[in-house]
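Encoded as structure tokens, the structure appears first; notes follow it.
The figures that follow rest on heavy atoms only: side chains count, while hydrogens, waters and symmetry mates do not. Position 1 is the first residue of the sequence; numbering continues from there. Predicted model only: the values in this text are computed from it and were never measured.
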Amino acid sequence: MSDPDHLEVKLRLCLSFLIKEVIALDPLARRQWLYTYKAIIQYADSNQDTLTQEQIFGADIYRDIINQVEDLIKEEDYEGQNYNAYKSRDPNYETMFKKRVKQIREDFPIPDQFKELTS
């Protein structure tokens, strides 16, 4: 595999992993992540003449990530459905994980029509 092909595969894999990490965040942390990176993109769009090509390219990458994350959020049946979906359930953190899930469900309750599916 040539170097450019190898780098492209690596980049696609990294982007895929990052998108999965963001979609699996606590809904509040996910909102904050989106808010922060949307602000960075707005800054980049407003200040293109003072930024390097690398910075502009970086903002474009984040724009693509945000679009994909937002598309996945739209596919959720309810907010928080994908919380911790791709992370291991490390036994050392199981108690804290259960506590956090309970806190999330207080702020982002599962709609009644989906409760049986999550049990």
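Between Y62 and W33, the two ring planes are tilted [angle within 30° to 60°].
Between R31 atom CZ and T36 atom OG1 the span is 14.0 Å, to the nearest 0.5 Å. The CD1 atom of I40 sits 12.0 Å away from the CZ atom of R63 when rounded to the nearest 0.5 Å. In this structure, CG on L18 lies 10.0 Å from CD on Q68, to the nearest 0.5 angstrom. Note that the CG atom of L25 and the CD1 atom of I104 stand 9.5 Å from one another [nearest 0.5 Å]. Put simply, CD1 on I41 and CD1 on I61 are 11.0 Å apart, with the number rounded to the nearest 0.5 Å. Summarising the geometry, atom CG belonging to D107 is positioned 10.0 Å from atom CD belonging to E79; distances are rounded to the nearest 0.5 Å.
When all heavy atoms of A24 and A85 are compared, the pair lying nearest together is CB-N, 3.8 Å.
With salt bridges taken as basic N to acidic carboxylate O contacts below 4.0 Å, one links E70 and K38. Classification of E8 and R12 as a salt-bridged pair holds, one side-chain N sitting under 4.0 Å from a carboxylate O.
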### Task
List the steps, then state whether side chain to side chain contact (heavy atoms under 4.5 Å, CB included) holds for Q55 with N47.
CA-CA 10 Å; Q55 290 169 319; N47 296 284; over 6 Å; no
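Note: the hydrophobic cluster containing F57 also contains I19 (ILVMFWY, side chain heavy atoms under 4.5 Å, direct or indirect links). Two different hydrophobic clusters hold Y43 and I65 under the rule that ILVMFWY side chains link at heavy-atom gaps under 4.5 Å.
No option in I23, V22, N67 other than I23 meets the side-chain contact (heavy atoms from CB on, under 4.5 Å) test with L72.
K20 is linked by a side chain to side chain donor-acceptor pair (under 3.5 Å) to nothing, counting only residues two or more places apart in sequence or in another chain.
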